Amino acid sequence: MATATITAGMSRRAHALWRLAQVLSWVAGMFVWGALIVKPDLGLHLLWNVLIPIAPALLVLAPGIWRNVCPLGSMSLVPHHLGLSQDKRLSPTWRSRLFLGAFILLVLVVPLRKVLLDTNGPVLAAILTVVGLLAIGLGSIFKWKSGWCSSLCPVYPVELLYGARPVISVHNAHCSSCLNCVAPCSESTAGLTPLTAVNTKLGRTIGVALTGLFPGFVWGWYNVPTYGGWDGFSHLHIAYGIPFAGGGATLMVYLILRTVLPTLEHLIASVFAAAAIITYYWFRLPPVFGIGAPDAAMIVDISAWLPTWSATALRILTFLAFGWLMVVRTGWRAWETPPPSGDGSSVIKTLDPTISV
Ligand code: SF4
C-alpha cells in the first residue's frame with residue numbers, strides 16, 4: 001500500500017512512522033474482525049468498549065489521525081495502488097447521493113447495535129466484511145478517496161460534525177500529491193462542516209438534518225436497553241423509535257433556531273455538534289471507570305477509589321471541555337496539511353462556515 005513519493009514537508013522518518021501506523025491499524029482491525037468470529041466476547045469488548053469510545057474525542061482533537069490510519073480507508077485505496085482502479089471522477093450529484101447513503105447507513109446501523117450488533121460478534125463481522133468490500137469496490141471505480149472516505153463511509157458525516165475545529169492538524173499520510181479527487185477536499189479545507197462539505201442542495205440538506213438530529217438521536221440511543229439473542233427484533237420499534245423521536249425533537253428546535261436567528265447559524269450548528277458529543281460522553285464516560293453500569297461499558301474499574309460525586313465531576317468536565325473545544329474556541333484548521341497540487345504548491349483552503357446555506 002506504500003506510495004513511492006513522500007508528502008511535501010514530511011520527513012522520511014515521519015513518512016515511515018505513518019506507514020507503520022497504517023499497517024498496525026489494519027492489523028488491529030483484522031484482529032478485532034477475527035475475534036468477532038472466533039472469540040465474540042473479546043471482539044465485541046475491543047470494538048464497542050475500547051475503540052469506539054475513543055473515536056469521538058479523537059475526531060474533535062485530531063480527525064486527520066483517524067483519516068490517515070482508518071483500516072477501511074486504507075483498504076479503499078488498495079485498487080488505486082495496484083493500478084486496478086478505474087479512477088472515475090465522481091460527479092457532485094452522485095457524491096451527494098453517496099453522502100445521503102452514508103447518512104442513512106449511520107442512522108440505520110447505530111440503533112441496530114441495541115438489538116443485534118452489541119451482542120452478536122459473527123453478524124457484526126459479516127456486516128464489517130460487506131462494508132470492507134463496499135469500500136474496496138468504490139475505490140476500484142472512483143478516484144482516490146472520493147467514493148468511500150469522502151462520500152459513502154458512514155463515519156464521514158460524524159467526522160464532519162465533530163471535526164470542524166481540530167486542535168491538531170497532521171500530515172496527509174495518504175495523498176503524496178493532490179489528485180483533486182473531491183472539491184472541497186475533506187482533508188485540506190479548513191472550516192469544513194456537514195453544512196459545507198458537499199456543496200449541492202441535497203448535500204446541504206443532509207448536513208442540516210444530521211446537525212439537528214444527532215444530539216437527540218444520541219440521547220435516545222442511550223435510553224434504549226440492549227436486547228440479547230434474537231429477542232431484539234421484536235423490539236425494533238423501541239430501538240429505532242426512541243432515537244428518532246429524540247432526534248426529531250432536536251431537529252425541530254434546530255430548524256426553528258436556524259430560521260429565527262439566521263446570522264447565528266454557524267454558532268447554532270457548533271452548539272448542536274457539541275451537544276451531541278457531550279450527550280455521548282455524559283452517558284459513556286462514567287461507566288468506562290466502572291461507575292454506574294459496570295456490566296455495560298467498563299474498561300477499568302476504579303470506582304472503589306473514586307468519591308461518590310465522580311460521575312457528576314466527569315460530566316461537568318465533559319461539558320466544559322467539549323463546549324470550549326467546539327463552541328468557544330475560535331479559528332479554523334484543516335484536518336491535514338495539504339499535499340502539493342499539480343503546480344507543486346501546497347495550499348490550505350478555508351471555507352467560511354458562517355456563510356448561510
Ligand atoms: S488532498 Fe487531493 S487527492 Fe487527497 S483527498 Fe484531498 S482532493 Fe483528494
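Each ligand, and each atom within it, is numbered from 1 in the order the structure gives. Given the structure is predicted, the values throughout are model-derived calculations rather than measurements.
Nearest approach of Tyr156 to Ala197, heavy atoms of both residues: OH-CB, 3.9 Å.
Looking at Arg67 and Glu336, no side-chain N of the basic residue comes within less than 4.0 Å of a carboxylate O on the acidic one, giving no salt bridge.
Distance alone, capped at 3.5 Å, is enough to place a donor-acceptor pair between the Thr205 side chain and the Lys201 backbone.
For Ser146, no heavy-atom contact with ligand 1 is shorter than 4.0 Å. Contact annotation for Cys175 and ligand 1: only side-chain heavy atoms (C-beta onward) come within less than 4.0 Å of the ligand.
With 3.5 Å as the limit, one finds a donor-acceptor pair spanning the side chains of Trp33 and Thr129.
Of all protein heavy atoms, the one closest to atom 3 (S) of ligand 1 is Leu179 N, 3.2 Å. When only non-hydrogen protein atoms are considered, atom 8 (Fe) of ligand 1 lies nearest to Cys181 SG, 2.3 Å.
The neighbour count for Phe319 CZ, taken as heavy atoms of other residues, nucleotides or ligands under 6.0 Å away, does not exceed 12. No more than 12 heavy atoms of other residues, nucleotides or ligands shown are found within 6.0 angstrom of CE on Met252.
Tracing side-chain contacts under 4.5 Å through hydrophobic residues (I, L, V, M, F, W, Y), one reaches Val27 starting from Leu42; they form part of the same cluster.
Taking 2.8 Å as the threshold, Cys178 counts as a candidate ligand of atom 2 (Fe) of ligand 1, since one of its N, O or S atoms lies below it. Note on Cys185: counted as a metal contact of atom 6 (Fe) of ligand 1, an N/O/S atom lying under 2.8 Å.
In the vicinity of Glu187, heavy-atom distances shorter than 4.0 Å reach the ligand 1 atoms 5 (S). Short contacts between ligand 1 and Pro339, defined as distances under 4.0 Å to a heavy atom of the residue, involve ligand atoms 1 (S). For ligand 1, the atoms closer than 4.0 angstrom to any heavy atom of Val182 are 7 (S).
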